[in-house]
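Structure, as C-alpha cells:
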Amino acid sequence: MYIVTSVEELKQLYGDAGEASITKVTSVLTPFYRRMIEASPFMALATAGPEGLDCSPRGDLGGVVRVENEKTLLLPDWRGNNRVDSLANIVRDPRIALMFLIPGSNTTMRLNGRAVVSIEPALLDSFEMDGKHPRCVVVITIEEVYFQCARAVMRAELWNAERFVDPADLPSPGMMLKAAKADFDQETYDREAPARAAKTLW
C-alpha cells in the first residue's frame with residue numbers, strides 16, 4: 001500500500017484550492033453566516049485532550065447555539081451521559097471544531113476556535129428551559145468560520161426521506177450494551193429508554 005506522508009504530496013495530488021475555498025473563510029460571523037448558524041438545531045463538537053480526540057453530537061430546540069456577538073457563541077450543556085469527555089478536553093485544551101447541519105439544506109457550516117466552560121449563574125439562568133438550567137455553558141470564541149460545499153450531503157442524500165433507514169432494522173441501544181456486557185438487561189433498558197429520555201431532555 002502506498003501511503004501519502006507529506007503535505008507536498010497532497011498538493012501534487014489535489015492541486016491548489018479554488019478562490020472561493022479561500023475567500024469564504026472569515027474570522028467573524030458575517031450576517032449570512034450568522035443566519036446559517038442560527039438556523040441549525042444540530043452540530044458535531046470536536047475536541048482534543050491528553051487521552052486523544054472526541055466528537056460529540058449537540059442538539060437543541062430552535063438553534064443549537066446562541067450567537068452572543070460576531071466573535072462569540074454560547075452552547076448550553078444539557079443532560080447527557082455524564083461522561084463529560086468534551087468538557088474535560090476543553091478545560092485542558094481549549095481548541096475546538098464545530099460542524100453545523102441544517103435540516104433540508106445541503107450546505108453545512110464549519111467553525112474552528114477556542115472555548116471555555118462557564119458556570120456563571122446569570123448565564124446559566126439565561127438558558128432556563130422548563131424550569132431547568134444547563135450545568136454549564138461552553139463559551140466559544142471564533143477563530144475561523146466558513147460554509148462547506150454541498151457535495152457530501154448531496155452524495156449521502158441525507159434529507160431524502162425515501163433513503164431513511166428504518167430504526168427497526170438497526171441494533172437497539174440495549175443490544176449494543178449487551179454485546180459489551182453479556183449480563184446487561186437489554187430488554188428493560190430498551191423498554192424504558194424512550195420515557196427516560198423524554199423526561200431528561202433538559
Side-chain angles (χ1 to χ4, degrees), residues 4-8 10-11 14 17 20-103 105 107-129 132-149 152-153 200-202:
V4 176
T5 59
S6 72
V7 174
E8 288 72 22
L10 285 175
K11 287 187 176 296
Y14 283 91
S21 297
I22 305 301
T23 303
K24 66 184 178 182
V25 181
T26 64
S27 61
V28 299
L29 288 180
T30 66
F32 291 147
Y33 283 180
R34 177 171 184 153
R35 282 175 58 185
M36 294 292 287
I37 285 176
E38 288 181 331
S40 172
F42 178 87
M43 73 173 186
L45 167 65
T47 59
E51 295 83 18
L53 305 176
D54 183 72
C55 186
S56 72
R58 300 299 170 112
D60 210 343
L61 283 174
V64 64
V65 296
R66 177 191 296 170
V67 177
E68 181 74 358
N69 55 53
E70 65 178 9
K71 286 288 290 185
T72 310
L73 304 179
L74 304 175
L75 171 66
D77 190 64
W78 293 111
R79 293 288 296 269
N81 55 22
N82 290 338
R83 286 180 55 106
V84 299
D85 296 313
S86 299
L87 301 177
N89 281 348
I90 289 170
V91 299
R92 296 173 295 174
D93 184 336
R95 295 175 300 163
I96 63 165
L98 313 177
M99 186 180 73
F100 297 87
L101 294 177
I102 305 168
S105 172
T107 300
T108 59
M109 293 297 298
R110 294 175 61 176
L111 186 151
N112 297 315
R114 293 179 175 266
V116 295
V117 176
S118 174
I119 55 172
E120 178 65 35
L123 186 55
L124 301 181
D125 289 345
S126 73
F127 283 97
E128 181 177 340
M129 179 70 70
K132 299 176 182 178
H133 305 86
R135 294 187 186 179
C136 71
V137 174
V138 179
V139 181
I140 299 160
T141 300
I142 298 168
E143 293 184 339
E144 59 178 11
V145 58
Y146 52 98
F147 68 91
Q148 180 72 26
C149 77
V153 177
T200 58
L201 287 177
W202 291 282

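For the numbers below, each heavy atom of this structure counts, side chains included, while hydrogens, waters and symmetry mates do not.
In this structure, CE on M43 lies 5.0 Å from CZ on F100, to the nearest 0.5 angstrom. Here the CH2-NE2 distance, from W78 to H133, works out to 7.5 Å after rounding to the nearest 0.5 Å. Rounding to the nearest 0.5 Å places CZ of R66 at 12.5 Å from OG1 of T72. Distance check: T107 OG1 to M36 CE gives 5.0 Å after rounding to the nearest 0.5 Å. Distance CD1/I37 to CG/L29: 5.0 Å, rounded to 0.5 Å. Summarising the geometry, atom CZ belonging to F32 is positioned 12.5 Å from atom OG1 belonging to T26; distances are rounded to the nearest 0.5 Å.
Around CZ of R95, the count of heavy atoms belonging to other residues, nucleotides or ligands within 6.0 Å does not exceed 12. Residue-environment remark: CZ (R135) stays at or below the threshold of 12 foreign heavy atoms within 6.0 Å. Under a cut-off of 6.0 angstrom, the local environment of CG in L201 is crowded, with over 12 non-hydrogen atoms contributed by other residues, nucleotides or ligands. Heavy-atom contacts from other residues, nucleotides or ligands closer than 6.0 Å to CZ of R35 number 12 or fewer.
You'll find the side chain of E70 stays beyond 4.5 Å of the side chain of V145, heavy atoms only. At a threshold of 4.5 Å between non-hydrogen side-chain atoms, the residues V138 and L45 do not count as touching. In this structure, the side chains of L61 and W202 come closer than 4.5 Å at one or more pairs of heavy atoms.
Applying the side-chain hydrogen bond (donor to acceptor under 3.5 Å, both in side chains) test between T47 and each of D85, D93, N89 identifies N89 as the sole match. Of the candidates V137, V84, I90, D77, I90 is the only one forming a side-chain contact (heavy atoms from CB on, under 4.5 Å) with V117.
Nearest approach of L111 to I140, heavy atoms of both residues: CD2-CG2, 4.1 Å. Taking all atoms of both residues into account, the shortest heavy-atom contact from P76 to L74 is CD-O, 3.7 Å. The two residues F147 and M109 come nearest to each other via the heavy atoms CB-SD, 3.6 Å. Summarising the geometry of R114 relative to I96, their closest heavy-atom pair is N-CG1, 4.2 Å, with the distance given to 0.1 Å. The minimum heavy-atom distance linking K24 with C149 is given by the pair NZ-N, 4.2 Å. Scanning both residues, C136 and L124, for their nearest heavy atoms gives CA-CD2, 3.6 Å.
Looking only at distances, a side-chain donor or acceptor of S40 sits under 3.5 Å from a matching main-chain atom of L101. Between the side chain of K71 and the main chain of I142, a donor-acceptor pair closer than 3.5 Å is present.
Under 3.5 Å, the side chains of R83 and S56 contain no donor-acceptor pair of N or O atoms. Using modelled atom types and a 3.5 Å distance limit, the side chains of E143 and N112 yield no donor-acceptor pair.
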